[in-house]
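Sequence lines set the chain letters: A, B, ... in the order given, protein chains first and strands last, and positions in each chain run from 1. Small disclaimer: the values here were computed from a predicted structure and weren't measured.
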Amino acid sequence: MNDPDDLRRQRVLATIDAIPRGRLATYGGVALEAGLPGRARYVARVLRELPANHTLPWHRVVGAGGHLRTSGPSATLQARLLRAEGIPVRAGRLDLANHVWPRAGE
DNA sequence: CGTCTGACGGTAA
DNA sequence: ATTACCGCCAGAC
């Protein structure tokens, strides 16, 4: 298990795992941090296929512009988890500008 | 190998 | 604000 695919995936997972509590990251941002510029969709795919027993802060990953891209029960859960971290959620929208990660200097 | 899909992102109307 | 479309690319078939 050391294919380029697995490594690429590991980097995405590691990046998401590094998102600080109370902060947000976009799919595209995670992809960029993982060294995969322009692969936002790949990040989404990785999250979608996570096993049920993962411990990653998946809820901190949102769409560009601060939109929740999840739907159904996941969206409800995500909103709840985010609010629990002090990030207000209104109508599936978030104040991305004030919580986005990473940012200059960090 | 050809097509379709999508937890994206951006632009146009 | 909402809808439609396009570019992108890894999987599923």
Side-chain angles (χ1 to χ4, degrees):
Chain A
M1 301 271 264
N2 195 355
D3 301 289
D5 276 357
D6 289 334
L7 185 57
R8 187 178 62 187
R9 198 184 138 172
Q10 286 299 332
R11 272 199 298 250
V12 170
L13 296 176
T15 300
I16 295 172
D17 193 47
I19 303 172
R21 191 173 187 287
R23 305 289 292 285
L24 297 170
T26 61
Y27 292 89
V30 170
L32 195 62
E33 284 290 298
L36 301 168
R39 305 281 180 275
R41 275 188 118 137
Y42 175 68
V43 174
R45 184 183 257 325
V46 170
L47 284 177
R48 203 189 79 188
E49 298 181 348
L50 279 177
N53 46 57
H54 69 84
T55 61
L56 256 54
W58 63 275
H59 55 281
R60 295 176 191 151
V61 183
V62 303
H67 295 81
L68 294 186
R69 300 297 291 223
T70 50
S71 54
S74 298
T76 304
L77 175 60
Q78 181 170 27
R80 181 158 59 77
L81 291 171
L82 289 174
R83 279 192 277 255
E85 297 188 356
I87 301 175
V89 183
R90 329 183 308 185
R93 292 274 224 66
L94 311 131
D95 184 357
L96 184 57
N98 284 324
H99 298 282
V100 69
W101 180 92
R103 42 182 353 184
E106 293 187 64

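- If you chain together hydrophobic residues whose side chains sit under 4.5 Å apart, A:Tyr42 and A:Ile19 fall into the same group.
- Chain A approaches DNA chain B within less than 4.0 angstrom (heavy atoms of the protein), and the contacting nucleotides run 5' to 3' from B:dG6 to B:dG10.
- Of the inter-residue distances, the one linking A:Glu49 atom CD with A:Arg9 atom CZ reads 7.5 Å to the nearest 0.5 angstrom.
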Got a list of protein N/O to nucleotides 2-5 of chain C N/O distances below 3.5 Å?
none

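- Closest of all the heavy-atom pairs between A:Ala64 and A:Thr26 is CA-CG2, 4.1 Å.
- The line from CZ of A:Arg39 to CZ of A:Arg45 is 13.5 Å long, rounded to the nearest 0.5 Å.
- Atoms CD1 and CZ, from A:Ile16 and A:Arg11 in turn, are 13.5 Å apart once rounded to the nearest 0.5 Å.
- By the side-chain hydrogen bond (donor to acceptor under 3.5 Å, both in side chains) test, A:Gln10 is found to be paired with no residue, residues two or more places apart in sequence or in another chain being considered.
- In this structure, the side chain of A:Arg83 does not engage the main chain of A:Pro88 through any donor-acceptor pair within 3.5 Å.
- In DNA chain B, the stems built from three or more successive Watson-Crick or G-U pairs (distances below 3.5 Å) are B:2-6 with C:9-13, B:8-13 with C:2-7.
- In this structure, A:Ala40 reaches the sugar-phosphate backbone alone: every heavy-atom distance under 4.0 Å involves primed, P, OP1 or OP2 atoms, never a base.
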Could you go through nucleotides 6-9 of chain C and list every protein N or O atom that sits under 3.5 Å from one of its N or O atoms, giving the distance for each pair?
unit_1, atom_1, unit_2, atom_2, d
C:dG7, O6, A:Arg41, NH1, 3.3
C:dC8, N3, A:Arg41, NH1, 3.4
C:dC9, OP1, A:Arg39, NH1, 3.4
C:dC9, OP1, A:Arg39, NH2, 2.8

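- One hydrophobic cluster, built from ILVMFWY side chains closer than 4.5 Å, holds both A:Val61 and A:Leu50.
- Closest of all the heavy-atom pairs between A:Ala31 and A:Ala40 is CB-N, 3.9 Å.
- Minimum interatomic distance between A:Thr70 and A:Ala75 (heavy atoms only, all atoms of both residues): OG1-CA, 3.3 Å.
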Evaluation steps, side chain to side chain contact (heavy atoms under 4.5 Å, CB included), between A:Leu68 and A:Leu82: CA-CA 11 Å; A:Leu68 294 186; A:Leu82 289 174; 4.2 Å; yes
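- In this structure, A:Leu94 is not a member of the same hydrophobic cluster as A:Leu81, with clusters built from ILVMFWY side-chain heavy atoms closer than 4.5 Å.
- A continuous path of Ile, Leu, Val, Met, Phe, Trp and Tyr side chains, each step under 4.5 Å between heavy atoms, connects A:Leu36 with A:Leu47, placing both in one hydrophobic cluster.
- Among the protein residues, A:Tyr42 comes within range of the sugar-phosphate backbone only, with heavy atoms under 4.0 Å from sugar or phosphate atoms but none that close to a base.
- DNA chain B is contacted by no residue of residues 12-24 of chain A, taking any non-hydrogen atom closer than 4.0 Å.
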Hey, mind stepping through A:Trp101 and A:Arg60 against side chain to side chain contact (heavy atoms under 4.5 Å, CB included) and telling me if it holds? CA-CA 10 Å; A:Trp101 180 92; A:Arg60 295 176 191 151; over 6 Å; no
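- Taken together through direct or relayed side-chain contacts under 4.5 Å among Ile, Leu, Val, Met, Phe, Trp and Tyr, A:Leu24 and A:Tyr27 form parts of separate hydrophobic clusters.
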